[in-house]
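The structure appears below as structure tokens.
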Amino acid sequence: MLQTIDWHARAKSVRLPNRPFIDGQYVDSVSNETFPCVYPGDGRLLTQVASCNEADVDKAVRSARKAFNAGVWSRMAPADRRRILLRFSELILANREELALLETLNVGKPIANAFNGDVVGAANCIAWYAEAIDKVYGEVAATAHEMTTLVVREPVGVVAAVVPWNYPMSMAAWKLGPALATGNSVVLKPAEQSPFTALKFGELAIEAGLPAGVLNVVPGLGHIAGKALGLHMDVDCVGFTGSTEVGKYFMQYSGQSNIKRIGLELGGKSPQVVLADCDDLDAAAAGVAAGIFANTGQVCNAGSRLIVDEKIRDTLFEKITAQAKSFLPGDPLDAATRMGSLVTQEQMDRVLGYIDAGRAEGATTLIGGSRVRTETGGFYIEPTIFDRVRNDMKIAREEIFGPVLSAITVKGFDEAMEVANDTVYGLAGAVWTGSVKNAHRAAKAIKAGVVWVNCFDRGSMAVPFGGFKQSGFGRDKSLHAMDKYTDLKAMWFAH
Ligand code: NDP
């Protein structure tokens, strides 16, 4: 089906949602301000989108609070909430073509990835939490004989979900699934680069039967709409995914307002460690290449630091370089494309700035390093691998968020682990080894929320995702994600 659709033709006629979705419908913004949405595949203006301000955010929060207090969702029987969220998931799949197209137009990711990955992943996430709703039990605590003591979880109330542009639908679904399943009302703020699918979600949720006001979507700028949510006195919790820098702002907003709960899924500089005893360098090379070039490297857990033992480095570099060829950037609307554009000109310039910094600090490019497909007007950078990187260089310390791999050569297991952990981040890490002993030693030694052994970027809704250190706290996915959207209440009944 993917191959048979003329995506360019569809792109000309698709409706681009560009107004806030509040209280069950699209509305005009109070602000009357707009911001431009550009297709990064060719740099053309797609549409102007409403830029919500404090008054718009307040309207959305009031709508969410009203729905929450009315109990239309928060007190609905779990089995009924389950039915509605399952329908929501089905509608996401039923609108797969349109959602995939909107995502590609917003962020320039290959249409095949949006169609087969992002849409399906988001639908799967909503369905997973729908299924969980009526299967999670409270507790009866072991207290005195004349007491019955229940420990229950209650929804926190109004949740703000503030998400980034690299996986707009998945990141929104990771917040909406557990927050809605547990009975909260939500105000979703998509990244300014990627408002379309979030707005469409608002529409589909209503069609699925979600009561008006339970899901509101406010497109807008971070320092205006995002900040207004962070500082709002009637928002009880923020589920945030984005940069460490903005994550720190949300901690401050919380302290400056109502001490709202904050869940942070932040950036990373994840190590891909290939030990000298690795017995499948082909698999390691494929994992390393996909780990940094998939989604144009705009991935929070991208394996952006390759830490390789000197004994195998030359062979491994040859194999990774060969793998990188399959990631040459192409037209995002072509079903065969494996790597698309970067999200904006600004992001492309930022990544090119890091490439310059790498060269200036003495690292050498094995491949890549340039902007390509310039004639299209789009924002493309070829897969880039830096050799002779030291872990104190800028390209080894800072999150580049582009298709740039920094390779650091080490001697032996201990040095590999030391370099892997010498970072302020702790989102993820991987080790490639043929030794069972080293697999276990490395899995324990790497300080990160996720460690992959002889694989990379495997995920499942059943497994929590999130980081250590400045990669944040709180977890998305799995039943653990429900914790941050609920308050624990103890009820004592004297007999
Ligand atoms: P940002 O932190 O810049 O933005 C994330 C969200 O926060 C956006 O909606 C943004 O709005 C908003 N925002 C920006 N500034 C403020 C502010 N001052 N106050 C309140 N809200 C604000 O991240 P990016 O969108 O650039 O996404 C990339 C980052 O996300 C990377 O660091 C990446 O590692 C991280 N990420 C982490 C993941 C994880 O699970 N750990 C997963 C995916 C990405 P606006 O768009 O208008 O600026």
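What's counted below: heavy atoms across the whole structure, side chains too, no hydrogens, waters or symmetry copies. Counting convention: from 1, in listed order, for ligands and their atoms alike.
Aromatic ring orientation, Phe293 versus Phe327: tilted (interplanar angle from 30° to 60°). Taking the six-membered ring where the residue is Trp, Phe250 and Phe240 present tilted rings, their angle falling between 30° and 60°.
Looking at ligand 1, you'll find an N or O of Gly222 within less than 3.5 Å of one of its N or O atoms. On a distance-only criterion, Leu266 and ligand 1 share at least one N/O pair closer than 3.5 Å. Backbone and side-chain nitrogen or oxygen atoms of Asn166 are examined, and none is located within less than 3.5 angstrom of a nitrogen or oxygen of ligand 1. Not a single N or O atom of Thr244, backbone or side chain, sits closer than 3.5 Å to an N or O atom of ligand 1. For Ser243, a nitrogen or oxygen atom sits less than 3.5 Å from a nitrogen or oxygen atom of ligand 1, counting backbone and side chain alike. Checked against a 3.5 angstrom limit, the closest N/O atoms of Ser471 and ligand 1 fall outside it. Among the atoms of Thr241, none of the N or O lies under 3.5 angstrom from an N or O of ligand 1.
Contact annotation: for Leu427 versus ligand 1, heavy atoms closer than 4.0 Å belong to the side chain alone. For Tyr167, no heavy-atom contact with ligand 1 is shorter than 4.0 Å. The proximity of Glu245 to ligand 1, defined as any non-hydrogen pair under 4.0 Å, does not occur for either the backbone or the side chain. With a 4.0 Å heavy-atom cut-off, ligand 1 is reached by the side chain of Gln193 but not by its N, CA, C or O. At a heavy-atom cutoff of 4.0 Å, ligand 1 is contacted by the side chain of Val162 but not by its backbone.
Cation-pi check for Lys227 over Tyr253 is not met; the charged atom does not lie both under 6.0 angstrom from the ring centroid and within 45 degrees of its normal. Stacking of Arg371 on the aromatic ring of Tyr380 is not recorded, the 6.0 Å distance cut-off and the 45° axial limit not both being met.
The nearest protein heavy atom to atom 4 (O) of ligand 1 is not closer than 4.0 Å.
Per-residue contacts place Gly242 under 4.0 angstrom from the following atoms of ligand 1 (heavy atoms of the residue considered): 2 (O), 5 (C), 23 (O), 29 (C), 30 (O), 32 (O), 35 (C), 36 (N), 37 (C). Distances below 4.0 Å separate heavy atoms of Val163 from the following atoms of ligand 1: 6 (C), 8 (C), 9 (O).
For Phe401 and Trp165, the ring centers are positioned less than 6.0 Å apart. Checked against the 6.0 Å centroid criterion, the rings of Trp432 and Phe456 do not qualify as a close aromatic pair.
Nearest to atom 7 (O) of ligand 1 by heavy-atom distance, out of Phe465, Phe240, Tyr249, is Phe240.
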